[in-house]
There are 2 protein chains.
Amino acid sequence: MSIDSEAADATARALLDIVPLVMRAIRAEMRSNRKAELSVPQFRVLSYVHRRGSTSLSDIAEHMGLTLPSMSSMVDALVGRRFLDRRPDSLDRRRVAIALTDGGQEAWAAAHNATRDSLIRRLRGLGPEKRAELEAALATLRRLFSEEGDGSSAEGGTHVNP
Amino acid sequence: MSIDSEAADATARALLDIVPLVMRAIRAEMRSNRKAELSVPQFRVLSYVHRRGSTSLSDIAEHMGLTLPSMSSMVDALVGRRFLDRRPDSLDRRRVAIALTDGGQEAWAAAHNATRDSLIRRLRGLGPEKRAELEAALATLRRLFSEEGDGSSAEGGTHVNP
DNA sequence: TATTGTTATACTCTATAACTATA
DNA sequence: TATAGTTATAGAGTATAACAATA
């Protein structure tokens with residue numbers, strides 16, 4: 001164990017305090033953006049489709065970690081707002097092909113830019129060292145939280161739950 | 001401006017990527033805890049009441065940044081589950097006095113411990129330097145995101161909403 | 001039979017509007 | 001009149017269960 005329990009405990013508490021704080025700021029910015037007005041999950045869907053070009057409902061659900069019905073209703077709303085185009089896939093007709101419309105592309109870009117700008121405003125006070133430290137820490141978090149499960153792999157696992 | 005735009009941009013993107021990722025892990029842990037099974041907002045309410053001992057609906061709403069009706073319904077649900085006790089305040093009878101029940105105290109502790117443990121499991125692989133770096137970065141984020149507004153001081157501020 | 005998706009239903013989180021009770 | 005809270009209503013986000021269509 002390369003990190004003693006007490007220190008890990010303090011860091012865990014800090015995460016539990018601060019991550020929701022930052023999340024709230026991001027959410028508030030997304031929702032107050034007159035141009036786009038997207039929720040965070042909606043923004044993530046548009047980001048994913050933007051990155052993939054065209055994709056299926058199952059792919060999006062998988063990426064978001066949501067059930068198919070949940071995704072279906074979210075996509076429904078985004079299709080209703082003309083941000084997404086949904087049509088039967090010609091190769092496998094069980095599937096739907098989902099893509100950004102031009103309006104969806106614009107909405108995504110507007111939300112992305114507004115949120116990024118708002119974060120940049122917050123970050124502006126930071127010196128280069130602090131900024132680098134923050135970025136390194138974010139990379140660490142990405143590594144720790146990208147892995148599936150919660151460390152269920154081995155040692156600690158007395159209470160992972162059935 | 002002590003931080004150049006491009007670097008800030010990269011950091012902003014990283015925040016936008018990674019904070020939701022960590023948030024999802026926290027949320028999943030809260031919701032999968034058989035002992036308590038709390039949403040993140042519910043957990044935050046219990047945490048606040050735990051810290052305050054006894055408080056009013058307005059105080060909680062203020063702390064959470066929610067409207068009174070929203071808080072009223074959340075508290076309603078937590079009273080229904082016997083996690084909170086709600087009674088008229090004897091001094092000012094417009095107010096309600098809200099406190100943790102014993103069950104609420106247990107639920108809070110169970111959720112808190114389970115979530116902290118799950119975070120600790122993730123953090124365990126970290127060396128002391130990486131851990132210190134992460135903790136410093138979290139302190140930075142706390143500072144940047146505890147301040148009200150989003151730097152609304154200047155350019156952006158046209159859209160605070162009616 | 002297995003996969004992809006939708007519909008029906010329900011619960012939580014959040015808001016606004018309209019209201020009651022107390023100060 | 002102003003403050004504290006509740007009720008009614010609505011929409012987003014999520015889930016499970018039941019179903020339809022295609023492979």
Side-chain angles (χ1 to χ4, degrees), chain A residues 20 23-24 26-28 30-33 36-46 48 54-81 83-98 107 111, chain B residues 20 23-24 26-33 36-46 48 54-81 83-98 107 111 160-162:
Chain A
M23 195 63 203
R24 274 205 298 293
I26 292 175
R27 186 179 296 124
M30 293 267 176
R31 308 229 52 150
S32 77
N33 175 22
E37 188 140 12
L38 297 169
S39 70
V40 172
Q42 287 172 337
F43 174 75
R44 293 212 303 129
V45 169
L46 296 190
Y48 182 71
S54 171
T55 185
S56 74
L57 192 67
S58 302
D59 280 351
I60 307 178
E62 163 81 23
H63 171 74
M64 300 277 295
L66 299 180
T67 61
L68 277 172
S70 297
M71 274 316 312
S72 190
S73 89
M74 265 187 69
V75 165
D76 228 45
L78 291 169
V79 167
R81 290 171 71 185
F83 289 163
L84 290 179
D85 176 63
R86 174 181 48 187
R87 63 183 64 182
D89 182 319
S90 44
L91 297 181
D92 180 343
R93 284 175 23 230
R94 292 171 303 183
R95 289 173 162 260
V96 289
I98 293 166
Chain B
M23 195 64 201
R24 271 205 301 295
I26 292 175
R27 185 178 298 124
E29 179 55 39
M30 293 267 176
R31 308 228 52 149
S32 77
N33 175 22
E37 188 139 12
L38 297 169
S39 69
V40 172
Q42 286 172 337
F43 175 76
R44 292 213 302 132
V45 168
L46 296 189
Y48 182 71
S54 172
T55 185
S56 73
L57 192 67
S58 303
D59 281 350
I60 307 178
E62 162 82 23
H63 171 74
M64 298 277 294
L66 299 181
T67 61
L68 277 172
S70 298
M71 274 317 310
S72 190
S73 88
M74 264 187 69
V75 165
D76 227 46
L78 291 168
V79 167
R81 291 171 71 185
F83 289 163
L84 290 179
D85 177 63
R86 173 181 49 186
R87 62 183 65 182
D89 182 321
S90 45
L91 297 181
D92 180 344
R93 282 170 30 226
R94 291 172 303 184
R95 289 173 163 261
V96 291
I98 293 165
V160 183
N161 248 344

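Chain identifiers are assigned alphabetically (A, B, ...) following the order of the sequence lines, protein sequences preceding nucleic acid strands; residue numbering begins at 1 within each chain. Any value given below was found using the heavy atoms of this structure, including those in side chains, with hydrogens, waters and symmetry copies removed.
- Here C:dA8 presents its C1' atom at 16 Å from CG of A:Leu68, a figure rounded to the nearest Å.
- When every heavy atom of A:Arg44 is checked against every heavy atom of B:Pro20, the shortest pair comes out as CD-CB, 4.4 Å.
- Distances from the side chain of B:Arg95 to the nucleotides D:dA15, D:dG5, C:dG5 place D:dG5 closest.
- Residue A:Leu57 contributes atom CG, which lies 16 Å from atom P of D:dT22 at whole-angstrom precision.
- Taking atom CZ of residue A:Arg27 and atom C1' of nucleotide C:dT14, one finds them 10 Å apart after rounding to whole Å.
- Closest contact between the side chain of A:Asp92 and the listed nucleotides D:dA17, C:dT22, D:dA23 involves D:dA23.
- Proximity of B:Asp89 to B:Val96: side-chain heavy atoms (C-beta onward) are nowhere separated by under 4.5 Å.
- Two residues, A:Ser73 and B:Thr67, neighbour DNA chain C, and the one matched to the more 5' nucleotide by heavy-atom proximity is A:Ser73.
- Between A:Met64 and A:Asp89, it is A:Met64 whose nearest contact on DNA chain D lies nearer the 5' terminus.
- Look at A:Arg86 and you'll find a side-chain N or O under 4.0 angstrom from OP1 or OP2 of C:dT6.
- Of the residues near DNA chain D, A:Pro41 and A:Ser90, the one whose nearest nucleotide (by heavy atom distance) lies more toward the 5' end is A:Pro41.
- Heavy atoms of A:Met74 sit under 4.0 angstrom from primed sugar atoms or phosphate atoms, though from no base atom.
- Counting to the nearest Å, the P atom of C:dT20 and the CZ atom of B:Arg94 are 17 Å from each other.
- If B:Pro69 and A:Val96 are placed on DNA chain C by their nearest nucleotide, the residue sitting closer to the 5' end is A:Val96.
- Minimum interatomic distance between A:Met30 and A:Leu38 (heavy atoms only, all atoms of both residues): CB-O, 3.1 Å.
- Taking atom CG on A:Leu66 and atom P on D:dT16, their separation rounds to 11 Å, with Å as the unit.
- OP1 or OP2 of C:dT6 sits under 4.0 Å from a side-chain N or O of A:Ser72.
- For B:Leu91 and C:dA23, the CG to P distance is 10 Å, given to the nearest whole Å.
- Atoms CZ (B:Arg93) and P (C:dT22) sit 6 Å apart, rounded to a whole Å.
- Checked for salt-bridge contact, A:Arg86 and A:Asp76 meet the test: a charged N lies under 4.0 Å from a carboxylate O.
- Counting to the nearest Å, the P atom of D:dA12 and the CD atom of A:Gln42 are 7 Å from each other.
- Residue B:Ser58 places no side-chain N or O under 4.0 Å from the OP1 or OP2 atom of D:dT3.
- Closest non-hydrogen pair, B:Ser54 versus B:Ala97, comes out as OG-CB, 4.1 Å.
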